[in-house]
S.K.: 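Would you mind keeping the following structure in view while I ask a few things?
Heads up: numbering here begins at 1 and tracks the sequence.
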Amino acid sequence: MPIIKVLSPQLANQIAAGEVVERPASVLKELVENSLDAGAQSVDIDIEQGGVKLIRIRDDGCGIGKDDLALALSRHATSKIDDLEDLEAVATLGFRGEALASIASVSRLSLTSNSGNGNAWRAVSEGRDMEVEVAPASHPQGTSVEVRDLFFNTPARRKFLRTEKTEYNRIDDSIKKLALSRFDVAFNLRHNQRAQLSLRPAKTQLEQEKRVADICGTTFMQQALYVDNTRPGLRLWGWIGLPTFSRSQADLQYFFVNGRCIRDKVVSHAVRQAYQDVLYHGRHSAFVLFLEITPADVDVNVHPTKHEVRFRESGSIHSFISHTLKQALAEDRPQNHLQSNSGYDMQGNYSGSVAEPDSHWQPALHSQPAMQFSGKSSIGTGSAGSDLLPGSSDSMQNFQSLYSTAGINLPEKGDEQQDIPPLGYAIAQLKGIYILAENSDGLIVVDMHAAHERITYERMKSAFDDQGLISQPLLVPESLAVSQREADAAEQHNQVFAKLGFVVERAAAESVIVREIPAILRGSEVEGLLRDVLSDLLEHGNSDRIREHINEILSTMACHGSVRANRRLSIPEMNALLRDMEATERSGQCNHGRPTWSQLTLDQLDKLFLRGR
């Protein structure tokens, strides 16, 4: 029989390196996280040949003393935790004490540091016998780590590396995540002696948005909402892309828990749930979100690379994230993206003052300053020869007479710039599909069917909620064979089903009986729906599948009940639709996630026609 023996330190470290050091990007992540834990305010990174030839990290952190340099390269050596209580409330990015030892076992590593006492020291390890040599060196306060010839002594690992460009792209992605996690730290990246990234510290919200735009693109920031919500022991803040800014894949999704970029099923499900009513089918949302949570309420010690966490109250976290994002998306109205400073309230009635937008839910970047509106309009009444002529002395009188028929009372006196609602006033209908309107910025184009579909849908949901759910007894109660865990979940969450119009009873250890269902779901495939709900309850602690199914039916009804293409609308009807859009939640997208309106500013129109050249 084979003899049991203790692994050599070098072999143990190389095995550990298989978990921690997958590629150059994972080396860089571990080293930069050490710099951040050391309190660095600036991190300089040099890369050569995609990180295979050289990775050099220099920081201005607290540094490492001479006596600790050799120990820092030992396995399971760390200054970040002392006992089990520290492990249960980890507040640092690193804590395992394996990274440096694992990296040193598969590379030629040099560690130079100055802890601020005037003397610097260097420790060198060649990755063979793991012997560490310490000698005097020259270095300002902080630490530099050089990793050369990665996997030089493990050729089997090296052959699995990709091309230089691919490995560098992974490094670039890793640095961007780290730069998003710490706005207060400067980051500089060079690859093959060429500057690739230079980010200064960002302390104000405007500076932070500039950094996000540099990393995620200016288009994302121009179509993002800033969110910030708190609850005892929790804070969720950051930026979420508008539903119209969707992606074909989930490549622009960054979620941080206490500064650590993670992937988590609970978080992903909560975000999808928040967007499910506004996102086009098959598309993915974009976001940069930060969850601040009491360290004791999250377990970060569940994966060697620390990419995953486990929440102690996952159901509460799921609900908090989903509710926050739903609220932000619901509160987003057309006027949030316009600078018309309308004196009209949400019902289209003139209030005489401009209401300040809720600072809790506001666009990340404001749109361009509004163009001055002259009050000279060419709005038609719908009959030939009755157009108002630009510059007419009695244009405002005719203007008020025209819109009084739509139930809109304009002020007799006041600044005309503030008399224009956000979506302006209708000018005409184009091809029986689009409404053309003029506001203080320029031209508004509205897809009338998409807009009316959203308005009808939201009203149906509100009416449905107000009137409650009408349950309908089944003539023959339906028995479902389930697992014992699913039956337990059905029994435990009985009130959840009752609230949604279901009567579900446990019949045996592994079966349940459905006696009543919501009347609106009559004819639906109940068994599959209930099984999906039970699956969600087991995995996430809650489920919105029943409500989503009801919403799908209401959405279909709203689509059929909305104005169709080629229906001619009068000017008052078009203006009534515009005012409804301003007052309706999620009115920027139809039920299927398509945009409902678009703005062409006067400046954009001037550029289109080369005016001013």
Side-chain angles (χ1 to χ4, degrees), residues 269-279 281 315 318-319 321-323 325-327 329-330 452-483 485-508 510-562 584-586 589-593:
H269 186 268
V271 173
R272 286 198 306 271
Q273 200 170 84
Y275 275 89
Q276 63 91 19
D277 207 18
V278 291
L279 201 62
H281 300 301
H318 182 284
S319 176
I321 295 172
S322 180
H323 172 76
L325 302 191
K326 277 184 179 179
Q327 181 72 12
L329 293 168
H452 193 236
E453 183 180 17
R454 169 59 70 179
I455 293 167
T456 305
Y457 177 43
E458 293 297 330
R459 287 178 177 173
M460 291 179 70
K461 286 196 299 181
S462 297
F464 191 74
D465 291 337
D466 293 340
Q467 296 171 5
L469 293 164
I470 301 174
S471 296
Q472 173 179 295
L474 295 176
L475 292 176
V476 179
E478 191 165 343
S479 178
L480 302 180
V482 296
S483 68
R485 289 183 65 225
E486 289 174 327
D488 291 341
E491 190 173 27
Q492 180 183 353
H493 297 277
N494 187 267
Q495 291 183 347
V496 175
F497 288 105
K499 185 178 179 181
L500 293 169
F502 278 85
V503 174
V504 181
E505 298 176 356
R506 186 166 190 168
E510 296 183 348
S511 69
V512 296
I513 293 178
V514 182
R515 298 192 180 277
E516 296 183 16
I517 65 172
I520 196 171
L521 295 184
R522 183 177 52 205
S524 299
E525 206 279 297
V526 176
E527 179 178 349
L529 177 60
L530 277 179
R531 292 189 186 280
D532 288 342
V533 171
L534 290 173
S535 177
D536 284 347
L537 291 174
L538 288 174
E539 185 170 0
H540 307 293
N542 57 27
S543 176
D544 274 0
R545 285 185 186 266
I546 295 175
R547 184 56 206 242
E548 288 173 10
H549 199 65
I550 292 172
N551 285 349
E552 287 177 6
I553 295 173
L554 294 178
S555 176
T556 301
M557 294 168 63
C559 183
H560 289 289
S562 302
T584 302
E585 294 182 347
R586 308 174 186 88
Q589 301 81 35
C590 74
N591 309 351
H592 313 292

S.K.: What's the shortest heavy-atom distance between Val514 and Leu474, and which atoms?
M.R.: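 Closest approach of Val514 to Leu474: O-CD1, 3.4 Å.
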
S.K.: Step through the shown structure and confirm whether more than 12 heavy atoms of other residues, nucleotides or ligands are within 6.0 Å of CD on Glu525.
M.R.: yes

S.K.: Please confirm whether the backbone N or O of His452 pairs with a side-chain atom of Thr456, one donor and one acceptor, at under 3.5 Å?
M.R.: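 The answer is yes, because a donor-acceptor pair under 3.5 Å joins these two groups.
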
S.K.: State which residues pass salt bridge (Lys or Arg N to Asp or Glu O under 4.0 Å) with Arg459; sequence neighbours excluded, sorted by chain then number.
M.R.: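 For Arg459, the residues satisfying salt bridge (Lys or Arg N to Asp or Glu O under 4.0 Å) (neighbours in sequence not counted) are Asp580.
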
S.K.: Do Arg586 side-chain atoms and Arg454 backbone N/O form a donor-acceptor pair below 3.5 Å?
M.R.: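 The answer is no, because no donor-acceptor pair under 3.5 Å joins these two groups.
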
S.K.: Once salt bridge (Lys or Arg N to Asp or Glu O under 4.0 Å) is applied, do any residues pair with Glu585, and if so which ones, sequence neighbours excluded?
M.R.: none

S.K.: For the residue pair Ala274 and Lys326, what are the closest heavy atoms and their distance?
M.R.: CA-CG, 3.6 Å

S.K.: Of the non-hydrogen atoms in Pro518 and Phe502, which two are nearest, and what is the gap between them?
M.R.: CD-CE1, 3.4 Å

S.K.: Main chain of Pro477, side chain of Arg515: is a donor-acceptor contact present, judged purely on distance under 3.5 Å?
M.R.: no

S.K.: Report the distance from atom CG of Asn591 to atom CG of Asp277, rounding to the nearest 0.5 Å.
M.R.: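 Rounded to the nearest 0.5 Å, the CG-CG separation comes out at 7.0 Å.
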
S.K.: For the CZ atom on Arg485, are there more than 12 heavy atoms of other groups (residues, nucleotides or ligands in this structure) within a distance under 6.0 Å?
M.R.: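 Check fails, neighbour count at 12 or below.
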
S.K.: Could you check whether any side-chain N or O of Asn494 sits under 3.5 Å from a backbone N or O of Glu505, counting only pairs where one atom can act as donor and the other as acceptor?
M.R.: no

S.K.: Say you draw a straight line from CD1 of Ile517 to CD of Glu478; how long is it, rounded to the nearest 0.5 Å?
M.R.: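 Between Ile517 CD1 and Glu478 CD, I get 8.5 Å after rounding to 0.5 Å.
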
S.K.: Do you know which two heavy atoms are closest between Glu510 and Ser483, and how far apart they sit?
M.R.: CG-C, 4.3 Å

S.K.: Give a yes or no answer on whether the side chain of Ser462 reaches the backbone of Glu458 with a donor-acceptor pair at less than 3.5 Å.
M.R.: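 Yes: the side chain of Ser462 pairs with the backbone of Glu458.
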
S.K.: To the nearest 0.5 Å, what is the distance between NE2 on His269 and CD1 on Ile321?
M.R.: 12.0 Å

S.K.: What residue among Val533, Val512, Val503 forms side-chain contact (heavy atoms from CB on, under 4.5 Å) with Phe497?
M.R.: Val533

S.K.: To the nearest 0.5 Å, what is the distance between CG on Asp488 and CG on Leu537?
M.R.: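 Atom-to-atom, Asp488:CG and Leu537:CG are 12.0 Å apart.
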
S.K.: Between Glu527 and Leu480, which heavy-atom pair has the shortest distance, and what is it?
M.R.: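 Nearest heavy atoms, Glu527 then Leu480: CG-CD2, 3.3 Å.
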
S.K.: For residues Glu516 and Pro473, report the shortest heavy-atom separation together with the two atoms involved.
M.R.: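 Heavy atoms of Glu516 and Pro473 come nearest at CG-CA, 3.7 Å.
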
S.K.: Look up atom CD in Glu453 and atom OG in Ser555, then write down how far apart they are to the nearest 0.5 Å.
M.R.: 5.5 Å

